[in-house]
Every structure is written in C-alpha cells, then in structure tokens.
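First the structure, in the form of structure tokens, and then the observations on it.
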Number of protein chains: 2
Amino acid sequence: MTAHGPYSCGLDAALDIVGGKWKSLILWALAEKPTLRFGELRREVAGITEKMLIQQLRQMEADGLIHREVYREVPPRVEYSVTDFGRSLTDALMPLGDWGERHMKRIANREARL
Amino acid sequence: MTAHGPYSCGLDAALDIVGGKWKSLILWALAEKPTLRFGELRREVAGITEKMLIQQLRQMEADGLIHREVYREVPPRVEYSVTDFGRSLTDALMPLGDWGERHMKRIANREARL
DNA sequence: CTGTATCCCTTAAGATACTG
DNA sequence: CAGTATCTTAAGGGATACAG
C-alpha cells in the first residue's frame, strides 16, 4: 500500500485497494460464502500466515470492503463478510479473474526472471 | 513478480502479470494510442524513472503484452505497441478501472496507515 | 479460537551517473 | 534518443513464539 492518491487513473486507485499478494485472494474466498471465521479463512487462503491474514483483514475492514462481527463467546468467534462496497469490487474484478483463468497456463509457463 | 504459479485463482495469475506499481499505467497509456516511443512513454507515465520504465517494458514484452519495434535510424527510434494479447488484458481491466474511477475520492481519502 | 509481537529477509522501487 | 549500471532505501512479506 503506497501513499494514497492522487492517482493517474482508476486502475491505479483500484490496485491501491486490492493490490498486494493476499487481498484479492481473501476477497475471493469471502465472496463465495456469506461469512467465514478467522480459522476458516486461514484454511481457505492457502499459505497465508496469521500475521498477514489479520493485517490484510484489518486494512480491508478499514477500507470498507469487509465487515467484522465479533461474538463474545468461549471460545471466541469472529465472522467476516463482504460489504456491498466490497461486493461491487468483486464484481469489477470478475472479468480480470476470468481473463487470468483463461490464460493461466500461458502465464504460469513463461520463463522465470533472473 | 513472484515465482510463477501454481495460482489459487485467475485473479492471482492476472495480478502476477499486471501487478506492481507501473505495469497497468504503462498498459493504459499504450492502449490509447497505436504506438508510443520510449521518450513519449516516459512523459505519459508521470513520475516513472528510465530504469523502471525499461524494466517493466522488457517484462511486458517477454509476457507478450506489448510489441517492441526498433528502427535503425539516427537518432535511434523504438516504438512500443499493445499486442492482441495485451489488448485482451486491457479489456478485462476496464471494469476495474471504471470502478476505481467511480470510487477514487473515497479511496484517496481513507486514513493513512502507519 | 483469534489474534499480537518480534525479528529477519527478499523484493520493489528510487536516485544518479553514464553509454552506444 | 534509448537505454545501462550501480548504489541505496522503502515496503512487503514470512517464521516463530506468545497472549487473551
């Protein structure tokens, strides 16, 4: 996350919100189900550490993309869900996700960089 | 650019190709005109250094997103243009760009992170 | 279960000077 | 004009241990 704005174009702004290694994956996982708990999310988003997960979740919550609901029980339960704003972003992300899906093989097979 | 694949989803793959601070901006500038020279590109993409520009251009060329045409003249002339593959990506990027455009104010005005 | 707190490493990115 | 070559800094990310 760089210093915010001014942005050269909408894409610039969008990538400032959803850029980085994890946010789009988290949003994707969250968009498929009504709610997900912290532990479920950790399993859904393969390879993420607890530190990165909570860090990204907090930023996405601050950005209004997701909602965090705390249930004061023992053991504690916290559920995350996508907001309307977040949903509008996942909708805008769809074509790009489809494109990536279609060309995934080509993308994965390009030569490694030095 | 991280190690390539396997990706968890199409979005992951797409962001591997167009992620980072500059690629989408370069692609955007390039998509609007038939061709752009190195120097023109440097002026279009505000704030980019020559090092970053050439580095990103080389990667995008290797990825098949853009084409590099060299004219052996004095002074030297090099023209960059978007390939069909690159065009398919900019098309997929449109909705996200529009979304960013619509919400740019909100995105720019969120609190700075520590 | 849901997080915090550190420490460390790699990579992305910026500055500057120079070359065919 | 169109790049290269270094050096340096900033940010992102990962490992691990611990706490409410």
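Each chain gets a letter, A, B and so on, in the order the sequences are listed, and its residues count up from 1. All of these numbers come straight from a predicted model, not from anything done at the bench.
- Nucleotide C:dA13 holds its C1' atom 15 Å from the CG atom of A:D16, rounded to whole Å.
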Which side-chain N or O atoms in residues 40-55 of chain A pair as donor and acceptor under 3.5 Å with protein atoms at least two apart or in another chain?
unit_1: A:E40; atom_1: OE1; unit_2: A:R37; atom_2: N; d: 2.7
unit_1: A:R42; atom_1: NH1; unit_2: A:E50; atom_2: OE2; d: 2.5
unit_1: A:T49; atom_1: OG1; unit_2: A:M52; atom_2: N; d: 3.3

Considering only nitrogen or oxygen atoms on both sides, find all protein atoms under 3.5 Å from nucleotides 13-16 of chain D and state each distance.
unit_1: D:dG13; atom_1: OP1; unit_2: A:K21; atom_2: N; d: 2.6
unit_1: D:dG14; atom_1: OP1; unit_2: A:K21; atom_2: NZ; d: 2.3
unit_1: D:dG14; atom_1: OP2; unit_2: A:W22; atom_2: NE1; d: 2.9
unit_1: D:dG14; atom_1: N7; unit_2: A:K51; atom_2: NZ; d: 3.1
unit_1: D:dG14; atom_1: O6; unit_2: A:K51; atom_2: NZ; d: 2.1

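- Qualifying side chain to side chain contact (heavy atoms under 4.5 Å, CB included) partners for B:V74, counting only residues two or more places apart in sequence or in other chains: none.
- Residue A:R58 has a polar side-chain atom (N or O) positioned under 4.0 Å from OP1 or OP2 of C:dG3.
- Taking the C1' atoms of five terminal pairs at each end of the helix from C:dC1-D:dG20 to C:dG20-D:dC1, the two resulting helix axes are inclined by 50°, rounded to 10°.
- For A:S8, the side chain to side chain donor-acceptor pair (under 3.5 Å) partners two or more places apart in sequence, or in a different chain, are A:D12.
- Counting only residues at least two apart or on different chains, the ring-ring contact (aromatic ring centres under 6.0 Å, His included) pairs with a member in residues 31-90 of chain B are A:W99-B:F85, A:H103-B:F85.
- A salt bridge links B:R110 with A:D16: at least one charged nitrogen is closer than 4.0 Å to a carboxylate oxygen.
- Computed from coordinates, the B:I54 CD1 to C:dA13 P distance equals 16 Å when rounded to whole Å.
- Annotation: salt bridge (Lys or Arg N to Asp or Glu O under 4.0 Å) contacts of B:R77 (sequence neighbours excluded): B:E73, B:E79.
- Of the residues in residues 28-40 of chain B, those with a non-hydrogen atom less than 4.0 angstrom from any atom of DNA chain D are B:R37, B:F38, B:G39.
- Listed by first then second residue, pairs satisfying salt bridge (charged side-chain N to carboxylate O under 4.0 Å, His left out) with a partner in residues 87-96 of chain A number zero, not counting sequence neighbours.
- Shown here for A:C9 and B:L25, the closest heavy-atom pair between the two residues is SG-CD2, 3.7 Å.
- The interatomic distance linking B:L25 (CG) with C:dA13 (P) rounds to 11 Å, in whole Å.
- Contact check, B:Y80 against D:dC1: no side-chain N or O comes under 4.0 Å of OP1 or OP2.
- Shown for residues 66-78 of chain A: residues whose heavy atoms fall under 4.0 angstrom of DNA chain D, namely A:P76.
- What separates CG of A:L57 from P of C:dT4 is a distance of 11 Å, to the nearest Å.
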